[in-house]
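Residues: numbered from 1 along the sequence shown.
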Amino acid sequence: MATSKVSSFHLDAMVVELAALEDIALEFVNSTAQSMDAGAASAFRSKCETLIKEGQLQTLVETFVDALEKVGAAGSLQDTESRFAILFSLARHLPADVLSQSVVPRISKVVVGLPSKDAGQKEQDDSMRIGILRNLYSVLDARAPARFGTLTAMVEFALKNQAFTILDGTSALDIEELCSLWGGSSEEVVNRKRKLHRSFADLCEAKARTGLSPDELRSTELKQQRFLTKLLESYEGGAIDADVLPYAARAALIAVKYPLPGDMAESNTLEEHSLTGMKRAAAAVLAAEQTAKVDWSSLTASASAIAQFSAIKALADSGSHKVLFQLLSIFAAEGLDEFQSFAKANPTAINDLGLSEDACLKNIRFLTLASLAANSETVSYTTIASKLQVDSAEVETWVIEGITCKVIDAKMDQLNQTIVINRGSQRLLTDRQWEDVHAKLVSWKENVGSLLATIKSVRQEQLLLAQQQ
């Protein structure tokens, strides 16, 4: 068959007339036939040539997919990747509904099901498959719901084979936007979000168990927290099923492990910074209810933080997570004394949760310092030493470290043995805090009003003097 002949692929009202398509198709046929026995190769070539002549693009693509499934991973990784690249070049000319509903799901299944290469090529093989799935994902229209299935297949493959590169450049905010873009009923959108957030959180959890360095572990767990936060948000206002509790427990544990503002200072997106606040504010609200310090009605936090309440609160009624919830409550709104009482009442709990008691003790001291700073304009060295239960000679070291990790913003007055507070991290949002803010705003408004009145009066006097002259 002459490759110069123009082929017409008729699909409903659509006609594709591109000589290049015939060249692409023949290239695939020749490459794939080389991995078949003589009889199968001859039959394959004959069928494909007929489909090309008749312009049956959809059937041709489906035939190519069948061939790839039978041939498997025969040949080099480059051969396999090239075959799929050719297939995508043809498939992208299919109508969007045909591509989304039948072709793409089938290709995803074939890619994941390809026989694995030997152990020496596993990393390259995994990378190739994820690359193929990424390319398949890009073939689809940005609004095509089939992108969900392709992304799900990609993540499930990555989880099964510990191919963690898919985490690079993927954020919880991306998932939120994509699931909304793909349309469907409200229930469908929510279910997609939940599935993807769970999958990416599981992938982060699997990566965290691979013997990472301390810095890599922290980065991975904080990334997981962002997926967990969005997952828990999706349950606000609805039923809390048993499936979400393990994820809520993970979120609680990470919040205890990394409770300080500086723990997410490495974040380089607005989303990451905002979720830091969500986590800590949500934990504070829940802890406040459990410790009966304030009423729920007196608490105010961002909408995103409030969305955490239902799923995290459910941990208090879960037998296996009650102790974790108690510890979360302490880190959210309590201090060193309460932590020590908890540790005494639950001597093995911290180790059982996989936490470091020394790290927890250090963090709760910082949080205790934050509470002292949030409620006073000056704090004496004596008070700090007493509340943190440290020697007076260590106070300045704790204050400097507290400033470094952004728990407080303060200056030390060594002469008077006090620290002057510029800002303290507010751990509990109550009516009193909002009343203080309101009072300050009213005072600033009045002061600005007085200043403007003075300026206006001076200007009027100047005008009068100018007129008299």
Side-chain angles (χ1 to χ4, degrees), residues 255-256 258-265 273 276-277 279-281 283-285 287-288 291 293-294 298-301 327 329-344 356-448 450-451:
V256 169
Y258 306 103
L260 306 180
D263 286 325
M264 288 194 181
H273 286 299
T276 306
K279 175 192 69 176
R280 298 182 70 235
V285 171
T291 55
K293 286 198 167 183
V294 293
S298 71
L299 296 171
T300 308
L327 185 59
S329 303
I330 291 169
F331 274 81
E334 302 286 0
L336 179 59
D337 290 341
E338 290 79 8
F339 174 77
Q340 290 179 327
S341 296
F342 171 87
K344 184 176 181 180
S356 163
E357 186 165 355
D358 288 342
C360 286
L361 192 60
K362 183 177 182 179
N363 285 335
I364 200 64
R365 281 194 167 109
F366 280 133
L367 295 174
T368 301
L369 180 61
S371 293
L372 288 173
N375 297 318
S376 306
E377 294 183 359
T378 61
V379 185
S380 69
Y381 282 20
T382 302
T383 300
I384 294 173
S386 174
K387 291 295 184 180
L388 270 57
Q389 298 180 23
V390 297
D391 189 89
S392 57
E394 299 178 54
V395 168
E396 290 188 358
T397 299
W398 280 98
V399 171
I400 291 171
E401 290 190 18
I403 294 171
T404 301
C405 66
K406 301 181 181 180
V407 168
I408 60 170
D409 180 7
K411 294 180 181 178
M412 289 184 290
D413 182 348
Q414 294 176 316
L415 182 63
N416 294 311
Q417 295 286 284
T418 61
I419 63 170
V420 180
I421 308 300
N422 295 324
R423 178 193 57 79
S425 296
Q426 187 62 57
R427 300 171 63 202
L428 190 62
L429 302 174
T430 67
D431 278 346
R432 197 189 82 177
Q433 276 74 47
W434 288 112
E435 286 170 1
D436 288 344
V437 171
H438 180 264
K440 288 179 180 178
L441 289 174
V442 169
S443 176
W444 291 344
K445 181 180 178 181
E446 291 174 349
N447 291 339
V448 170
S450 298
L451 178 61

**Student:** Quick one: list whatever passes side-chain contact (heavy atoms from CB on, under 4.5 Å) with L336, sequence neighbours left out.
**Tutor:**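 Once residues adjacent in sequence are excluded, the partners of L336 under the side-chain contact (heavy atoms from CB on, under 4.5 Å) criterion are Q340, L361, I364, R365, T368, Q389.
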**Student:** For T383, give me all partners under side chain to side chain donor-acceptor pair (under 3.5 Å), at least two apart in sequence or on another chain.
**Tutor:**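 Partners of T383 by the side chain to side chain donor-acceptor pair (under 3.5 Å) criterion, ordered by chain and then number, come out as S380.
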**Student:** Report the residues that fulfil side chain to side chain donor-acceptor pair (under 3.5 Å) with E357, sequence neighbours left out, ordered by chain and then residue number.
**Tutor:**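 So E357 forms no side chain to side chain donor-acceptor pair (under 3.5 Å) with any residue.
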**Student:** Sequence neighbours left out, what passes side-chain contact (heavy atoms from CB on, under 4.5 Å) with S356? Give chain and number order.
**Tutor:**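 Testing S356 for side-chain contact (heavy atoms from CB on, under 4.5 Å), a comparison that skips the adjacent residues, returns D358, A359.
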**Student:** Could you walk me through whether V395 and Q417 pass side-chain contact (heavy atoms from CB on, under 4.5 Å), step by step?
**Tutor:** CA-CA 10 Å; V395 168; Q417 295 286 284; over 6 Å; no
**Student:** Please list all pairs meeting ring pair (Phe, Tyr, Trp, His ring centres under 6.0 Å) that have one or both residues in residues 368-393, counting only residues at least two apart or in different chains.
**Tutor:** none
**Student:** Would you name the heavy atoms of A385 and S392 that are closest together and state the gap between them?
**Tutor:**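 So the minimum-distance heavy-atom pair works out to CB-CA, 4.2 Å.
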**Student:** Would you check if the side chain of E446 reaches a backbone N or O of S443 as a donor-acceptor pair within less than 3.5 Å?
**Tutor:** no
**Student:** Taking only residues two or more places apart in sequence or in another chain, which ones pass ring-ring contact (aromatic ring centres under 6.0 Å, His included) with F366?
**Tutor:**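 Per chain and number, F366 pairs via ring-ring contact (aromatic ring centres under 6.0 Å, His included) with W398.
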**Student:** For residues 400-422, which residue pairs pass the ring pair (Phe, Tyr, Trp, His ring centres under 6.0 Å) check, not counting sequence neighbours?
**Tutor:**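 Matches after skipping sequence neighbours: none remain.
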**Student:** Determine which pairs satisfy salt bridge (charged side-chain N to carboxylate O under 4.0 Å, His left out) with at least one residue from residues 374-398, sequence neighbours left out, and list them in order.
**Tutor:**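 Salt bridge (charged side-chain N to carboxylate O under 4.0 Å, His left out) check on residues 374-398 returns no pairs.
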**Student:** Using side-chain contact (heavy atoms from CB on, under 4.5 Å) as the criterion, list what pairs up with L327, not counting sequence neighbours.
**Tutor:** V256, F331, F339, F342, L353, L355
**Student:** I421 and A373: which non-hydrogen atoms are nearest, and at how many Å?
**Tutor:** CG2-O, 3.4 Å
**Student:** Can you find a heavy atom in the side chain of I403 that is under 4.5 Å from one in the side chain of I408?
**Tutor:**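 Yes, side chains in contact.
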**Student:** Provide the closest heavy-atom pair for L369 versus V399 in the form atom of the first, atom of the second, distance.
**Tutor:** CD2-CA, 4.3 Å
**Student:** Among all residues two or more places apart in sequence or in another chain, which pass the salt bridge (Lys or Arg N to Asp or Glu O under 4.0 Å) test with K411?
**Tutor:** none
